[in-house]
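Bear in mind the structure is a predicted one, so any value in this text is a computation, not a measurement. Residue numbers run from 1 in the order of the sequence given.
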Amino acid sequence: MEVIKTSLLINFVIKRPKLTICLFTCLIFVSIFGAVNLSFTSDFRSYFSSDNPQLKTFEQLETDFNKQDTLTFLVESSNNNPSIYQPEIIHYLELLTDEAWAIPYSRRVDSLINFQKMSVDENDLQINDLVPGNSHLTPSFLLELKQYAETQPRLLNNLVSVDGTLAIVQVTLTLPESNESATPELISYARNKLEEISNNNVKVQLFGTSVINIALMEAVERDMALLIPSSYLLIFAAIYFLSRSISGATLSLGVTLMTVLSVFGIFGWQAHQLTPVVGAVPSMIMVIVVADCMHLLVSYQYHIRQGLKQVSAIREALTTNIKPIVITSVTTAIGLLCLNFSESPPYRDLGNLVALGAIIACFLSLTWFPAVLLLLPEPKKLPNIDNGWLHSIIMKFSQLLTTHTKSLWLFTVVLLLAGGFGATKLELNDQWHQYYDETFDVRQAIETQNDKLNGVNFIQYSVASGGEQGILTPEYQKDLDKLIQWVRTQKNVGYVDGFSLQVKELSQKLNQDNPDFYQVPNSKNAIAQSVLLYEMSLPYGMGVDEQVNFDKSATRLTINLHKISSKELSAFDLKLITWAAENTPALLLTEGSGVDMMFAKISDRNSESLLKGTALALILISVLLSFLLRSWKLGLISIIPNIIPIIMAYGIWGLMDGHIDLGLSIVASMGIGLVVDDTVHFLFKYRYAKQNNATTPEAVEYAFNTVGIAIIITSIVLTLGFGLLTLSHFSPTYGMGALLALTVMFAAIIDFILLPLLLLKFDK
């Protein structure tokens, strides 16, 4: 039955090539039209499923204390005087503070200019902008301003740097959840406004969560606009050089483009949102298409060289490759579908998209590709395969397997030990601030923020009291202040913001500004009255709702830290919660929240989930191959060359870099889909020879003879294609390209050395 179905497909393609081309081209165009429904999001929330516990904590924090999306202007002097306390810089800060209120979706603006300074006039609390609009920026005023800033814990290292060379204007945003163009809109507005009010003596950099989101999107767009097309052209050139077939290279590229477009089109028909993660989809699909097309093309050329006519050569190429291509497509899809074990929805989408691409590529390479070849002129000049330099090398190497078996086993063992040693050096470490190199403006802003201000990592806590109005008790405020003072002593902490700082300052101001009263009052009534007076005195838009929830049962604690790894951030969170539980009994802390903490937690769980998924994929692929090859022994043997290249790739990466982030943790699952292709083709050719009464050495030599060239061509081409991605200035693209290039390279080495050695040893 299987043979009849296969013959029907081959006969249909060969006898009706024009109909085949029209049919599949129309289907592709229908699917492509769905792409108009696609939208793109750079919101970090898309990386978390709705039931993610860290996302729920974060959203509850935003519900209680408002959202914390930000746009920050880092302002420095660019003249000979680095101090910000000079008339021109202060004037610019005034202008920028005023203009910032008009930025789309802005809710609040904080800067040195409008910092709320407390004073008491005849027992009345006065709160005014630190730099009123009518201020005369005399030297004495600027000196007083500098001295005041240096004594304010809520100002220093928050809105101005300790050395007085940097000030920020921070815009707190309320971004609409359903409007994906909101962030690009406000960033565009901010950039245009900076050009409009530019000053040669002032240097301004953009930062904040909104800028980070846009930078991520722009980095992926840059790679997709330059590196991916370049990798396609490089692969086209490599295919032509190695196969000497301009038509084969062109058609392979055509099948790749058709597959990519149809995959995104089908995704669009389901009205999905795209995330930056899908930037890897075109490269992954390219791998699958090139592998399928190259096996057909090399087989077709082989039969042409043997003297067959074009139709017969294509028939033979399809007959001998249709089953391996279908099986490799299915096993590739199985490997990629294990990405559904990922904790992050975008990576599930990535696996599903590329798995769909594998199936579409299978159909196109077995129908559209040979149908177009049939309509092209028959190749006139092809070098004799027996004299080809590539074939000669392969056959000599196959002979070495039987004459130098011990040496090759030793080489393989040394290689495996090196890879295993490197793998022990790997450390799960997600550092988003390392994603961008110095060519990105955001990287320069990251370094400025980290070196001169309060750092680039932040973590937030909801600090509950256990009841309404509970934050007004002396016990709560004293424990909160005790916690803040302890946090300030910890390594890498740049700034701590908690409501007890305002309570202590209020106490001092309401007691004739006596420094002895800079402490939490001992009476709940005194705290409640001072807080009420404070709230009534604040201007519109500058309230305490960013720090205090509506029923005064909890406050927000924000901690800024200088660059640390995700592992260190998780350790800091655990240390703080443990210390608070032992030393501040009046405080009820949630787990640490914020973007950094969310990604730190998901990276750990994602790696564990994907490890299970990868193991399941290996088992399923092994069982499937055992069934199709009619040999449980070959099925078990296939596991080794499928897993070793991934271990080797991660091992080399461990020696080169050592860190694995959320993006790189998925390469193992993707790698299964890559390495299984060569293994399947080699084993099917080997099994075919064994079924025709060949000895094990003869079957190995036959497999080398029939698929060796295709494996080498695809491996070289794909290593070059993925290797080109290492030129990216965006770390996730660079890392993924390097790991996948290493995986492809080691897959070829293992399939050429270890797989034949295993067959010679265990399948005699």
Side-chain angles (χ1 to χ4, degrees), residues 23-43 46-47 180-181 184 216-233 235-236 251-293 329 332-333 335-337 339-340 342 344-365 367-369 663 666 669-670 673-674 718 721-722 725 728 730 732-733 736-737 740:
L23 176 63
F24 281 92
T25 301
C26 289
L27 289 174
I28 293 299
F29 271 107
V30 170
S31 64
I32 289 173
F33 283 130
V36 298
N37 300 318
L38 291 173
S39 60
F40 191 92
T41 178
S42 58
D43 187 354
S46 64
Y47 286 81
E180 297 302 330
S181 63
L216 181 63
M217 183 172 65
E218 290 176 343
V220 174
E221 288 176 351
R222 183 196 293 189
D223 286 343
M224 293 189 71
L226 178 62
L227 289 179
I228 291 180
S230 299
S231 67
Y232 275 39
L233 290 175
I235 286 173
F236 173 84
L251 292 180
S252 297
L253 187 60
V255 173
T256 302
L257 294 175
M258 291 170 67
T259 304
V260 170
L261 292 174
S262 60
V263 163
F264 282 113
I266 293 171
F267 203 57
W269 281 119
Q270 301 172 47
H272 279 286
Q273 279 190 324
L274 298 179
T275 61
V277 170
V278 301
V281 169
S283 297
M284 293 297 300
I285 289 177
M286 169 190 67
V287 172
I288 298 165
V289 172
V290 168
D292 290 346
C293 291
S329 299
T332 296
L336 290 161
L337 288 174
L339 282 176
N340 281 286
S342 172
S344 182
Y347 292 103
R348 299 176 206 160
D349 291 340
L350 174 64
N352 294 331
L353 281 169
V354 184
L356 176 62
I359 303 303
I360 294 173
C362 174
F363 279 105
L364 290 179
S365 61
T367 55
W368 190 89
F369 182 78
I666 70 165
S669 301
M670 293 193 298
L674 295 179
L718 298 179
F722 284 131
L725 298 182
S728 172
F730 186 51
T733 302
M736 186 176 293
L740 289 174

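Between the CG atom in Leu356 and the CD1 atom in Ile285 there is a gap of 7.5 Å [rounded to 0.5 Å]. How far CD of Glu221 is from CZ of Phe730: 11.5 Å, rounded to the nearest 0.5 Å. How far CG of Leu23 is from OG1 of Thr367: 8.5 Å, rounded to the nearest 0.5 Å. Atom CG of residue Leu350 and atom OG of residue Ser342 lie 9.0 Å apart, to the nearest 0.5 angstrom. Distance CG/Leu336 to CG/Leu353: 10.5 Å, rounded to 0.5 Å.
For residues 345-361, the side-chain hydrogen bond (donor to acceptor under 3.5 Å, both in side chains) pairs, not counting sequence neighbours, are Asn340-Asn352.
Residues passing the ring-ring contact (aromatic ring centres under 6.0 Å, His included) test with Phe24, sequence neighbours excluded: none. Qualifying side-chain hydrogen bond (donor to acceptor under 3.5 Å, both in side chains) partners for Ser728, counting only residues two or more places apart in sequence or in other chains: Asp223. Taking Pro229 as the reference, nothing meets the side-chain contact (heavy atoms from CB on, under 4.5 Å) condition, with sequence neighbours excluded. Every residue two or more places apart in sequence or in another chain was checked for a side-chain hydrogen bond (donor to acceptor under 3.5 Å, both in side chains) with Thr256, and none qualifies. Residues meeting the side-chain hydrogen bond (donor to acceptor under 3.5 Å, both in side chains) test with Ser181, sequence neighbours left out: Asn179.
Considering every non-hydrogen atom in both Pro346 and Ser46, the closest pair reads CD-O, 3.1 Å. Nearest heavy atoms, Thr259 versus Gly357: CG2-O, 3.4 Å. The shortest heavy-atom contact between Ile359 and Ala333 is CD1-CB, 4.3 Å. Of all heavy-atom pairs between Ser262 and Ile32, the closest is N-CG1, 4.0 Å.
Using a distance-only test at 3.5 Å, with no hydrogens or angles considered, no donor-acceptor pair links the side chain of Trp368 to the main chain of Thr25.
Contact check for Leu740 versus Met284: side-chain heavy atoms found under the 4.5 Å cut-off. The shortest distance between side-chain heavy atoms of Val255 and Asp292 does not fall below 4.5 Å. Side chains of Phe264 and Val278 form a contact here, defined as non-hydrogen atoms less than 4.5 Å apart. With contacts defined as side-chain heavy-atom distances shorter than 4.5 Å, the pair Trp269/Asn37 qualifies. When side chains are defined from C-beta on, Ile288 counts as touching Val354, because their heavy atoms get closer than 4.5 Å.
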Exercise for the section: Evaluate side-chain contact (heavy atoms from CB on, under 4.5 Å) for Ile360 paired with Val263, printing each intermediate quantity in order. Expected result: CA-CA 8 Å; Ile360 294 173; Val263 163; 3.9 Å; yes
